[in-house]
Amino acid sequence: MTALLPTTSPRRRSRTGGPRRPRALLRNTWRQLTSMRTALVLLFLLALAAVPGSVLPQRTVNREAVGRYFAAHPELAPWLDRLGGFDVYASPWFSAVYLLLFTSLVGCVLPRLIEHARALRSAPPDAPRRLERLPAYAAARPHPTEPATTARTAAGVLRAARFRTVLREHPDGSWTVSAEKGYLKEAGNLLFHLSLLAVLAGLAFGSWYGWHGNRVLVAGRDTAFCNTPQQFDDAGFGARVAATDLPGFCLQLDEFTATYQPSGQPRSFDAAVTVEGLGPARTANFTVNAPLRLGPATVYLLGHGYAPVLRYTDRYGRAQTQTAAFLPTDGMITSEGVAMFPDVNDDPRTSTREPAAQVAFEGLYLPTAPDAPPFTRSQFPAERNPALMLWTYRGDLGLDVGLPKSVYQLDRRQIDRGKLAQVGEPRLVRRGEKVSLDDGTTVEFVGTRQWIAISVRHDPAQPVVLAGATLALLGMTLSLMGRRRRVWFRIGPADGADCHRTLVEAGGLPRTEQAGFADEFNGLVRAVDDAATAPPGQIR
């Protein structure tokens with residue numbers, strides 16, 4: 001018995017087969033990535049990945065809210081922070097899904113776009129040999145006109161119904177009419193996906209060339225804000241944005257007006273500001289739903305609150321005044337904050353500074369305080385009965401170490417170390433009242449100022465994103481309304497018939513499942529029969 005030997009040696013097989021496997025793996029991976037099913041899965045994952053960004057506070061929008069979340073959830077917040085929960089749209093996992101979706105759409109849409117362009121340039125295919133096998137079929141019927149005349153009549157009927165129509169004459173004397181309609185369905189589908197690509201590209205472009213910054217702006221000329229990176233409370237700048245790219249303007253909050261329902265729900269907000277730096281100084285008003293446009297920048301109103309004004313007189317008789325913005329903790333604008341006086345109680349004779357004699361006041365501001373204790377919550381967001389609960393602290397505030405500190409709360413590490421201690425019991429202070437402390441110093445609740453939280457933003461991709469979203473809706477509408485279908489007529493001479501010289505056979509094929517195609521097909525067949533049998537003067 002003779003053994004069958006392999007035609008290719010093992011060494012040669014390894015040489016030729018080895019590189020093919022990675023190539024095949026890459027090809028199959030690319031096909032899977034660029035399939036429409038993968039694109040839909042990635043789109044769903046992107047929407048799912050954006051959910052934490054709408055549930056959790058984001059640092060790029062409201063850093064103070066992130067701080068409050070850390071205070072409320074001290075164990076959960078650090079884990080969420082490690083996973084990028086407070087910077088969702090800049091996290092690696094969100095960027096990975098974003099880039100995969102963009103790549104998938106490009107690889108999926110471009111071949112389909114080329115194929116659709118070819119289909120638009122090419123003529124509808126010739127009629128199949130067995131029309132009776134098509135979903136819609138009309139058996140051969142005799143017509144009294146010649147095949148060429150009947151074919152031109154059928155083509156005219158189909159063109160009147162806005163079908164792309166082609167006539168073909170065959171050597172056996174028969175004619176076929178091929179017609180196709182519904183290219184808008186695929187065009188709308190491609191427009192939707194191309195618009196989605198435009199939206200994704202616009203978002204990427206905006207992340208490069210856009211910028212934003214948040215600021216708490218207290219009413220008064222002494223607290224005016226200028227549009228520079230140093231004056232933002234927190235800001236984010238694109239990779240291609242420099243500080244000189246920011247438009248130069250300054251804002252001063254002149255007045256803030258808020259109205260409320262009897263239940264305390266807000267009714268309207270209006271911020272009146274003075275704008276300088278973009279031409280002559282002018283006044284402007286803006287609200288939550290009507291932002292202020294300043295050149296390429298847009299100023300949004302995010303929130304508002306009260307800033308108590310405290311005057312502290314130290315043991316040497318020198319007075320200092322601090323205006324501290326307090327952050328609301330509920331819908332009635334019960335607010336918490338701190339006013340710090342680091343440069344007090346310095347001996348004027350020696351000009352020596354005593355860090356251990358620094359003073360700070362933690363406060364709970366109630367715009368409408370109750371008439372009787374407990375004074376823990378405001379009864380209405382407007383200032384009907386303002387009162388301020390004060391906790392006094394004396395010691396080292398920890399501001400001299402050079403590390404950034406929050407202006408809304410004391411450094412708890414200083415308290416834990418015993419370098420900052422509470423002095424006396426908390427006191428309720430009304431507007432205009434002055435209270436004395438244990439060392440003879442005094443603190444006076446002078447009044448309050450309004451403050452607003454603003455977000456200054458510039459996104460050059462907004463027109464692109466808006467146009468992409470609009471075109472995506474248009475493309476989706478076209479893809480849902482369009483119906484791709486083909487219709488054929490075969491027209492040939494009838495054997496041995498003098499008066500019925502032509503036989504007409506028709507077939508139809510819907511490219512997608514759709515209701516009403518049978519009625520449309522039957523209507524076309526009847527229209528061709530009527531036009532072919534009409535008197536010569538009525539044939540169109």
Side-chain angles (χ1 to χ4, degrees), residues 27-50 96-126 128 134-136 158-159 161-166 178-206 461-488 507-521 524:
R27 183 174 60 251
N28 294 334
T29 303
W30 176 254
R31 288 176 179 175
Q32 288 293 330
L33 179 62
T34 56
S35 66
M36 184 56 64
R37 178 180 299 177
T38 303
L40 291 176
V41 171
L42 289 173
L43 184 61
F44 173 76
L45 288 178
L46 187 69
L48 191 63
V97 177
Y98 183 93
L99 292 176
L100 284 174
L101 175 60
F102 192 87
T103 305
S104 178
L105 286 176
V106 170
C108 177
V109 173
L110 288 184
R112 289 181 58 184
L113 183 63
I114 296 172
E115 186 65 26
H116 186 61
R118 291 175 180 172
L120 290 176
R121 292 196 305 267
S122 62
D126 198 3
L134 297 177
L158 292 171
R159 290 193 184 102
R162 294 181 295 181
F163 278 82
R164 290 181 59 206
T165 307
V166 176
S178 304
E180 190 170 9
K181 189 177 182 181
Y183 287 93
L184 283 180
K185 182 178 181 62
E186 180 65 11
N189 201 349
L190 290 173
L191 178 61
F192 171 78
H193 290 90
L194 288 173
S195 302
L196 190 58
L197 276 174
V199 171
L200 295 176
L203 292 175
F205 180 79
Q462 276 187 348
V464 178
V465 174
L466 177 61
T470 304
L471 292 176
L473 291 176
L474 177 62
M476 183 179 295
T477 302
L478 292 177
S479 65
L480 293 176
M481 294 178 59
R483 297 175 300 166
R484 187 83 175 270
R485 60 268 197 202
R486 288 174 177 172
V487 176
W488 293 276
L509 175 65
R511 298 294 299 273
T512 57
E513 293 294 333
Q514 54 180 326
F517 176 72
D519 296 335
E520 182 184 17
F521 174 78
L524 290 173

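Worth knowing before you read on, the calculation uses all heavy atoms, side chains too, and leaves out hydrogens, waters and symmetry mates.
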Heavy-atom pair with the smallest gap, counting every atom of Pro510 and Phe517: CD-CE2, 3.5 Å
Met476 side, atom CE; His193 side, atom NE2 - distance, nearest 0.5 Å: 9.0 Å
Separation of Leu110 CG from Leu190 CG (nearest 0.5 Å): 10.0 Å
Those residues that, when tested against Arg164, pass salt bridge (Lys or Arg N to Asp or Glu O under 4.0 Å) (two or more places apart): none
Exercise: identify the closest heavy-atom pair between Ser178 and Trp488: OG-CD1, 3.3 Å
Considering all heavy atoms, the nearest Leu33-Ser104 contact: O-OG, 2.5 Å
side-chain contact (heavy atoms from CB on, under 4.5 Å) between Tyr183 and Arg484, intermediate numbers included: CA-CA 6 Å; Tyr183 287 93; Arg484 187 83 175 270; 3.4 Å; yes
Inter-residue atom distance Leu524.CG - Phe163.CZ, 0.5 Å rounding: 5.0 Å
Side-chain (Thr38) to main-chain (Thr34) donor-acceptor, under 3.5 angstrom: no
Under the salt bridge (Lys or Arg N to Asp or Glu O under 4.0 Å) test, residues paired with Glu186 that sit two or more places apart: Arg112
Between CG on residue Leu509 and CZ on residue Arg485, distance to nearest 0.5 Å: 12.0 Å
Where Asn189 and Ser479 come nearest, the two heavy atoms and their spacing: N-CB, 3.7 Å
Heavy-atom pair with the smallest gap, counting every atom of Leu471 and Ser195: CB-OG, 3.1 Å
Audit row: Arg483, Lys181, side-chain contact (heavy atoms from CB on, under 4.5 Å) steps and yes/no: CA-CA 8 Å; Arg483 297 175 300 166; Lys181 189 177 182 181; over 6 Å; no
Exercise: identify the closest heavy-atom pair between Ala461 and Phe205: CB-CD2, 4.1 Å
Stepwise side-chain contact (heavy atoms from CB on, under 4.5 Å) test for Leu197 and Leu194: CA-CA 5 Å; Leu197 276 174; Leu194 288 173; 4.3 Å; yes
Review item, side-chain donor-acceptor pairs of residues 40-49, under 3.5 Å, at least two apart:
none

